[in-house]
Amino acid sequence: MDISICNVTKKFGDFKALDNISLEIKDGELFALLGPSGSGKTTLLRIIAGLEFPDSGNILFHGRDATKSPLRERQVGFVFQHFALFRHMTIFENVAFGLRVKPRGVRPSKKEIRDRVMSLLSLVQLDQFSDRYPSQLSGGQRQRVALARALAVEPKVMLLDEPFGSLDARVRAELRKWLRRLHDDLHITSVFVTHDQEEALEVADRVAVTNNGKVEQIGTPYEIYNNPVTPFVYEFIGNVNLFVGRVSQGVAFMGDVRLQVPELAHAVDSPATAYVRPHDLQLSHDKRGEISLMANVVSIRDVGPVARIEIKYPGNNKIYEAHIPTERLAELNIKVGDNVFVSARRVKVFLNDGTGQGNLDMPLGE
Ligand code: ATP
């Protein structure tokens, strides 16, 4: 089931929670709405569900206008952050609930209900717990029951609102892999809300990054991470180093560095910021190319395959971070207090007034 969200605006009093949002969710896609708290993710999900209605704009389900149709007509399953299981019912009864309350004409027989519930419980690997009560399960198991319950009514669309939000980091990581596999097995369209970048980038086919009721960028995790189109997305997704300066007629002046940015030829002495991911900073003992600058090593954390190195440039109190393979660190044999040359592999320059941006790829070689 594909979903089109067309120019949706939603206000609460004077406050615009959603500001002219348009996006397409493809059939069978696992789509993430990612953004900081209050950016409008849940409101959008509730509008897709039919729990909330837009002030203007439309929601189409497979080309059919569903803007005004209520939840029960949309064939959506819903999973919330807080386990909304019925405490007085067994796991089996919780999953069976949606089927048992169907109108008599469309309600499956007792045997069909039993078979479907047990097959869903086996899908979420909880069939051996069907007689237990929710209080006798762990948080992660309860959330899997919530998923099985939402799937019982065979929804065309699965909506998940911070489904793993209240679980600890390890369980979250496990469940997100599991959700991806489940989604692939079921060939269903899923939309999930999260404020956790790692979760969205690891699980989703595509991601919409929301901010202040608007969509900043829609793309695959790769596109969102490697080519953020706004400063907000750069800062929200992963670590980034910021260098401030100015751009004039296609040249960026960032401290002692001059960068050719032909895309910004129109700028005249415009304040600008250069964004560089920590893994795009390269360290060496010798000067590599024109924009290789001397910096001082402030700290080194070398746990795991990637070493995180904090550096400071002379005359600049800001700390910058470089991520290099631990093996490379061993090769370089750098210690805290040493001076090293730092060069950037990829830089993106944004004009602060939002009128332009430019990419620089600088193969440096080893
Ligand atoms: P979070 O991650 O914290 O859940 P979110 O991105 O999902 O945030 P929403 O829940 O969609 O954000 O809320 C967007 C904005 O709309 C917030 O500022 C919120 O306070 C406001 N809002 C949401 N629902 C209502 C409501 N029923 N009445 C008034 N304001 C609301």
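Counting starts at 1 for both ligands and their atoms, following the listed order. Every heavy atom of this structure was used, including side-chain atoms; hydrogens, water molecules and symmetry mates were not.
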Electrostatic pair Glu93-Arg100, nearest N-O below 4.0 angstrom: yes
Aromatic ring proximity, centroids under 6.0 angstrom, Tyr320 and Phe243: yes
Asp115 and Lys110 ion-paired at < 4.0 Å: no
Pair Tyr275 + Phe350: ring centers closer than 6.0 Å: yes
Single-linkage hydrophobic cluster, 4.5 Å side-chain cutoff, Val203 and Leu186 together: yes
Sub-4.0 Å heavy-atom environment of ligand 1, residues by chain: Phe12, Phe15, Ala17, Pro36, Ser37, Gly38, Ser39, Gly40, Lys41, Thr42, Thr43
Note: Arg246-Asp269 ion pair, threshold 4.0 Å (strictly below): yes
